[in-house]
Amino acid sequence: MPRFHCPLPLAPGAAIALPPTAARHVQVLRLQPGDAITLFDGRGGEHAATVTRMGRSDVEVEVGAHDPVEREAARPVHLLVGMPANERMDWLVEKATELGAASIQPVAAARSVLKLSGERATKRQAHWQAIAVAACEQCGRNRVPLVHPPLPLADALRGAQGATGAGPAARLVLSLRPGTRPLRDAAGTGDAPVWVLHGPEGGLTSQEEDAALAAGFLPASLGARVLRAETASVAALAQLVFG
């Protein structure tokens with residue numbers, strides 16, 4: 001059944017007009033009055049709904065029963081991503097959302113090819129957030145991970161420190177340094193949140209790794225091979241969410 005993100009108050013029996021993006025998707029699918037769809041607002045669970053009217057540019061639906069189903073990972077994994085260039089960041093956001101990332105923090109590191117600031121950064125963040133929404137519609141997630149505005153590495157490290165506080169969360173930086181522990185060992189067991197930092201093309205510099213360690217991150221490894229930035233995110237999530 002088609003699923004659509006609808007960030008509006010949803011209640012059984014309510015008649016609502018879908019937001020423009022969702023309405024456009026319904027029209028592209030050539031749905032008709034009486035067709036069943038699923039709506040989720042991002043706050044948990046999903047609603048059955050029925051198309052009641054198809055306008056030239058608007059779609060109205062009647063909201064049905066709420067199903068409190070959740071499909072989130074048992075352990076929240078937050079990514080701090082050294083932004084890869086071109087379409088690789090788009091791919092990373094899509095796959096990280098499908099795999100269950102709780103949030104994605106794009107990071108500008110010394111070796112980052114992609115440099116963003118001002119209006120360009122705002123537009124790119126909105127683009128990535130839309131990709132996360134579409135991925136949730138496709139994969140069945142009812143909570144959309146937040147894609148944060150891009151930050152310099154130093155600011156991202158401070159943000160992770162503040163987010164984890166004094167709780168049992170793990171903060172890990174992917175590293176190829178000798179003696180680094182495997183990711184799953186370094187993350188420990190249980191369902192406490194995990195923050196995973198990795199570099200862009202070319203990785204983090206030794207000074208950036210040192211800054212992460214000084215900020216309380218522990219070095220962790222995905223193995224002996226050097227992975228692309230977008231592959232590192234997918235591999236880390238697969239190990240922590242499904243391992």
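Reckoned from all heavy atoms, side chains included, excluding hydrogens, waters and symmetry mates.
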Are any side-chain N or O atoms of [X] and backbone N or O atoms of [Y], one a donor and one an acceptor, separated by less than 3.5 Å?
| X | Y | value |
| --- | --- | --- |
| Asp185 | Pro182 | no |
| Thr97 | Val93 | yes |
| Arg141 | Glu72 | no |
| Arg171 | Ala215 | yes |

[atom1]-[atom2] distance between [X] and [Y], expressed to the nearest 0.5 angstrom:
| X | Y | atom1 | atom2 | answer |
| --- | --- | --- | --- | --- |
| Leu176 | Leu222 | CG | CG | 9.0 Å |
| Leu8 | Asp41 | CG | CG | 8.5 Å |
| Glu98 | Leu237 | CD | CG | 11.0 Å |
| Arg184 | Ser221 | CZ | OG | 12.0 Å |
| Glu137 | Leu39 | CD | CG | 9.5 Å |
| Glu209 | Thr205 | CD | OG1 | 8.0 Å |

Could you tell me which non-hydrogen atom of [X] sits nearest to which non-hydrogen atom of [Y], and how far apart they are?
| X | Y | answer |
| --- | --- | --- |
| Ala65 | Pro12 | CA-CG, 4.4 Å |
| Ser233 | Val81 | OG-CG2, 3.8 Å |
| Ala101 | Ile104 | CB-CG1, 4.4 Å |
| Leu146 | His148 | CD2-CE1, 3.2 Å |
| Asp191 | Pro76 | O-CD, 3.6 Å |
| Ala109 | Leu204 | CB-CD2, 4.2 Å |

Heavy-atom side-chain contact between [X] and [Y] under 4.5 Å:
| X | Y | answer |
| --- | --- | --- |
| Ile37 | Val61 | yes |
| Leu80 | Trp195 | yes |
| Gln138 | Cys136 | no |
| Val173 | His198 | no |
| Ser112 | Val107 | no |
| Phe217 | Leu157 | yes |
| Thr21 | His5 | no |
| Leu183 | Leu240 | yes |

Practice item. Check the pair Arg143 / Glu70 against salt bridge (Lys or Arg N to Asp or Glu O under 4.0 Å), numbers first and verdict last. Key: CA-CA 8 Å; Arg143 296 183 185 270; Glu70 293 290 357; 3.1 Å; yes
Point to revise | Atom CZ of Arg228: over 12 foreign heavy atoms under 6.0 Å | key: no
Practice item. Sort out for me which residue in Gln125, His127, Glu119 forms a side chain to side chain contact (heavy atoms under 4.5 Å, CB included) with Lys123. Key: Glu119
Practice item. Take Met83 and Trp128 through the test side chain to side chain contact (heavy atoms under 4.5 Å, CB included) and record every step on the way to the result. Key: CA-CA 12 Å; Met83 294 179 287; Trp128 290 328; 3.7 Å; yes
[X] with [Y], same ILVMFWY side-chain cluster at under 4.5 Å:
| X | Y | answer |
| --- | --- | --- |
| Val144 | Leu10 | no |
| Val133 | Leu99 | no |
| Val196 | Leu151 | no |
| Val234 | Phe242 | yes |
| Val51 | Ile16 | yes |

Exercise for review: For the pair Gln27 and Val59, evaluate side chain to side chain contact (heavy atoms under 4.5 Å, CB included) and give the outcome as yes or no after the intermediate values.
Suggested key: CA-CA 8 Å; Gln27 290 168 332; Val59 175; 4.0 Å; yes
**Study point:** Check: Phe40 ring centroid to His47 ring centroid under 6.0 Å
**Key:**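 Judged by ring-centre distance (under 6.0 Å), Phe40 and His47 do not meet the cut-off.
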Exercise for review: Taking atom types as modelled, find out whether Asn142 and Arg3 have a side-chain donor-acceptor pair closer than 3.5 angstrom.
Suggested key: yes
Point to revise | Between Thr52 and Glu62, a side-chain donor and acceptor under 3.5 Å | key: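 Side-chain D/A pair, Thr52 to Glu62: absent.
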Practice item. Please assess Glu201 against Arg88 for the test side chain to side chain contact (heavy atoms under 4.5 Å, CB included), listing each intermediate value before the final yes or no. Key: CA-CA 11 Å; Glu201 296 93 335; Arg88 290 176 180 167; 4.2 Å; yes
Review point. Below 4.0 angstrom, N of the basic side chain to O of the carboxylate: do Arg71 and Glu46 qualify?
Key: yes
Review point. Between Arg30 and Val28, does a side chain to side chain contact (heavy atoms under 4.5 Å, CB included) hold up when you go through it step by step?
Key: CA-CA 5 Å; Arg30 300 183 182 276; Val28 168; over 6 Å; no
Practice item. Apply salt bridge (Lys or Arg N to Asp or Glu O under 4.0 Å) to Asp210 and Arg177, showing your working. Key: CA-CA 11 Å; Asp210 289 341; Arg177 292 185 178 188; 2.8 Å; yes
